Number of protein chains: 4
Amino acid sequence: MALVFSSGSPAGGPRSAPQILGAAREVLSAQGYAALTIEAVAAAAGVGKSTIYRWWPSKEALVADALAEIFRAEEIPDLGDTRAELRHAVDMTIDNYANEDMAASLPALAAGLLHHPELLARFRESFLSRKRENIAAALRRGVRRGDLPDDLDTDLVQDVWAGTIVYRRLMTGAPLDADLAERLVRLVLHSPPLRAPREEAAPGGASPSRLDPAPEGKVRRSPG
Amino acid sequence: MALVFSSGSPAGGPRSAPQILGAAREVLSAQGYAALTIEAVAAAAGVGKSTIYRWWPSKEALVADALAEIFRAEEIPDLGDTRAELRHAVDMTIDNYANEDMAASLPALAAGLLHHPELLARFRESFLSRKRENIAAALRRGVRRGDLPDDLDTDLVQDVWAGTIVYRRLMTGAPLDADLAERLVRLVLHSPPLRAPREEAAPGGASPSRLDPAPEGKVRRSPG
Amino acid sequence: MALVFSSGSPAGGPRSAPQILGAAREVLSAQGYAALTIEAVAAAAGVGKSTIYRWWPSKEALVADALAEIFRAEEIPDLGDTRAELRHAVDMTIDNYANEDMAASLPALAAGLLHHPELLARFRESFLSRKRENIAAALRRGVRRGDLPDDLDTDLVQDVWAGTIVYRRLMTGAPLDADLAERLVRLVLHSPPLRAPREEAAPGGASPSRLDPAPEGKVRRSPG
Amino acid sequence: MALVFSSGSPAGGPRSAPQILGAAREVLSAQGYAALTIEAVAAAAGVGKSTIYRWWPSKEALVADALAEIFRAEEIPDLGDTRAELRHAVDMTIDNYANEDMAASLPALAAGLLHHPELLARFRESFLSRKRENIAAALRRGVRRGDLPDDLDTDLVQDVWAGTIVYRRLMTGAPLDADLAERLVRLVLHSPPLRAPREEAAPGGASPSRLDPAPEGKVRRSPG
DNA sequence: AATTAATCGAGACGGTACGTCCGGTCTTTTA
DNA sequence: TAAAAGACCGGACGTACCGTCTCGATTAATT
């Protein structure tokens, strides 16, 4: 991923960007986000402070770029199996937040950027939008296959998934294991309320009813 | 709520605790969590720095106590109506995180405490446990009433609720409105996967079946 | 001498003032004025930078106070012998500037303060005025004794003395020895032009016209 | 004057030397010596930093060359009138130091060069030697004419002149006016002590003899 | 006229020090 | 006699320059 928070030149970053971002991740793992200082990163990277400040406007931007390199947001491959694709999507999300640095830093970043709208927008764009779009594509495939309701609210699905995962990791400390992944997948495969708002406003009788009894069997059938 | 992070004397805090916590909330609202400094709070409260340090071991603890005063964790009243009680619980959670200070500070607090296990435990205890227990009580009432499956995983329910709400507030910026509340309520009323782990491992036919038809029926009455 | 450049409180300086000023002089001797940094002084004194900045507004002020402690400006004792007192005065001045730190730092200080009128005024006051007044007192004693012309320009005398000494030390590098001292003393004992301006403005016949014979006689005559 | 501190090639400086030295003087006047930075000069001259560093080893050398261009050190014309020539010499010196940049920079330069013997030597050579030799020539003419004692110490004369002028300009802030010039001229025309050291050590004819034996006793008598 | 070497502008780089702010401890003063 | 006030040491902040360095883009002189 290009350095989306680096703000220097079109070149996209200093020659020593790899060392700097690597050092940032090292310090992050060793000390935690709050204890991460630009000076420590510069020292660990064997770089002058000014090289960092020349290219990144703030600690937030630097950490964002450092984490962006290890944040998974790739496309969900078309497996022909909706359940498998959903599981892939959930696993990707869990992967991202199982990393303690990520779990601790992303909310801190978002919180810290609440008053920097431009950076916050870039943060959301680079971290969330790509991943969300890729997951949404998989969800739409599921809809096309008839495995998911065609009025599925893909945004809410992702808020539930990522929210639950981050919240567990950060607040309750509960494990992010296969069981959780499986339940989050099924939540989408079988849960009527996860639909687009307009549909909620005028709820038809048929579509939810179709979902509830059938889904387990239906989804299983689709790849086969 | 008593001062759970104040660690000085049995008295539970300095004479000027109200001013200090009030000043902390003011500074928090005005400047944000990252910009909150002990010095600024001391100055705003008309208090010496040492008075704060005497009673709170860190900025995190101070903010935690300040927020604890406005964090809703009261019991869910027994309304005789499971759906209404669930809605009450969700609304309480939304209330908590609709406050920008809370949404920004709690994850930052949790992230900052990841390396301070004792404080983190107290933080989870005071912020989450009471609220979760109260909500769990309401959920159990729903189970007793037969509106919710008796193997409902109350922890997962709350992770999904709070996670989705915090994530929206902090990461996607999506609104926390009545529509969201309603969907989160229905997610629990109708969604089979939100059950206790052991039940998932050996999914019987009965228990889910009881869930699906019954609650939908009860709840279904409103839209239908 | 009190800390004339320290600008904190009436107390007149930090507890560690002696260490700080001592460290400043050490660094000054070892590294020179240009290489003296506040950080180096703080480190050498075992003190935080902020302690220095709290009490001294600038490097200039700190160095001024450090040098003020070793700058000789004491009263010239009444020896009953004008020549001896003048020699005492010149020796004192030479003492001050023979110190390389002083010779290098005072002009640099003055140069650096040219755009800080308030500090420059205090600098002149504390360094020059006291010394000049004490020397002027000795010169006036010489006038009273009849050894010096009663219209002697005491300011010019001191400008010539100190100027010559500093210039030698700094610019030409010529030695500041007993011979120089003796000649500077005699320059005043025997030189007619070193008189107050008003006398110059209205030159009387004899003394200005042919300077050499008259003044010597005048000086010689006065005691006789 | 050639660029005596430029140390690059035999060519004697970069193509843009005039702009660079001009910019240096501009910055010097506008900001003062301490605030003069190579970067500021480069920017003001529209030149890359490396062009300056290629040709001048330090800020001191650059400033020295910049000031050398406006430092008066020309020959004193033979006016046939010793007093007029001395006045010319003194006026030239006053001219040089009436310039605030010069007054502030030369001592700072000298102070800064105290630990760079080679540059200090070149500095003294280029700034002082030429001027001093030209003035010494005028003084020797005065000696030949019989207006000045033939054992006049031309170095001391010049130390007294320049020292007094610089000291006034920098330390006391007293004016450098025609009155001062006139008095400095007469000091030399009429003052016996301004003679060569050897003569003092072995006092010859009239003037020293009168001086040496008498004064101590003479002065001592006055109080008694 | 083309080639080549020096010089230039621009500015990134690893650093040092700046002067400010705040953390957390400790001492003094006040009520 | 507790708490206010705030001095203190330490250390990170973000900025400004340092002096070195690489990089094309002129220039100028040599072929």
Side-chain angles (χ1 to χ4, degrees), chain A residues 8-9 11 13-17 19-20 34-43 45-59, chain B residues 8-9 11 14-17 19-20 34-43 45-59 62, chain C residues 8-9 11 13-17 19-20 34-43 45-59, chain D residues 8-9 11 13-17 19-20 34-43 45-59:
Chain A
S9 82
R15 294 198 275 274
S16 43
Q19 294 96 291
I20 290 170
L36 179 144
T37 66
I38 298 282
E39 290 201 342
V41 173
V47 144
K49 271 202 297 180
S50 45
T51 298
I52 296 182
Y53 280 111
R54 188 176 301 115
W55 294 95
W56 288 277
S58 66
K59 163 180 163 176
Chain B
S9 84
R15 291 202 278 273
S16 43
Q19 294 97 289
I20 290 171
L36 179 145
T37 67
I38 299 283
E39 287 198 333
V41 173
V47 144
K49 271 203 299 180
S50 45
T51 302
I52 296 181
Y53 279 110
R54 199 188 334 276
W55 295 95
W56 287 277
S58 66
K59 161 179 164 176
L62 173 64
Chain C
S9 84
R15 293 199 277 274
S16 42
Q19 293 97 289
I20 291 170
L36 179 145
T37 67
I38 298 282
E39 290 200 342
V41 173
V47 144
K49 272 202 296 180
S50 45
T51 301
I52 296 182
Y53 280 110
R54 187 176 303 115
W55 294 97
W56 287 277
S58 65
K59 162 179 163 176
Chain D
S9 84
R15 293 199 280 273
S16 43
Q19 294 97 291
I20 291 170
L36 179 143
T37 67
I38 299 283
E39 289 200 344
V41 173
V47 143
K49 273 202 299 179
S50 45
T51 301
I52 296 181
Y53 279 110
R54 198 188 335 272
W55 294 96
W56 287 276
S58 67
K59 162 179 164 175

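So that the names make sense, note that chain A is the first sequence line, chain B the second, and so on, each numbered from 1. On a predicted model such as this, the values are computed, not experimentally measured, just so you know.
Between A/T51 and E/dG14 there is a side-chain polar atom (N or O) within less than 4.0 angstrom of OP1 or OP2. Under 4.0 angstrom from either OP1 or OP2 of F/dA7 there lies no side-chain N or O belonging to C/W55.
Side-chain contact between A/I20 and A/W56: present, with at least one pair of heavy atoms (C-beta onward) separated by less than 4.5 Å.
Atom C1' of nucleotide F/dA4 and atom CD1 of B/I20 are separated by 11 Å, given to the nearest angstrom. Computed from coordinates, the B/I52 CD1 to E/dC22 P distance equals 13 Å when rounded to whole Å.
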*Can C/Q19 and C/V47 be said to form a side-chain contact (heavy atoms from CB on, under 4.5 Å), step by step?*
CA-CA 9 Å; C/Q19 293 97 289; C/V47 144; 5.5 Å; no
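The side chain of D/I38 approaches F/dG19 more closely than any other nucleotide in the set F/dG14, E/dC13, F/dG19. Closest to the B/E39 side chain, of the nucleotides E/dC22, F/dC17, E/dG14, is E/dC22. Of the candidates F/dA7, E/dT7, E/dA12, E/dT7 carries the atom nearest the D/R54 side chain, counting heavy atoms from C-beta on.
Heavy-atom nearest nucleotides on DNA chain E were determined for B/T37 and for A/S16, and the one closer to the 5' end corresponds to A/S16. Each of A/K59 and B/V47 was assigned the nucleotide of DNA chain F with the nearest heavy atom; the assignment lying further toward the 5' end belongs to B/V47.
Between the side chain of D/K49 and the main chain of D/I38, no donor-acceptor pair closer than 3.5 Å is present. In this structure a side-chain-to-backbone donor-acceptor pair under 3.5 Å is present from C/T37 to C/A40.
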_Counting primed atoms plus P, OP1 and OP2 as sugar-phosphate and everything else as base, spell out the protein contacts along nucleotides 20-29 of chain F at 4.0 Å heavy-atom distance: B, S or - for each nucleotide, 5' to 3'._
BB--------
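To the nearest 0.5 Å, atom OG of residue B/S50 and atom CH2 of residue B/W55 are 12.5 Å apart.
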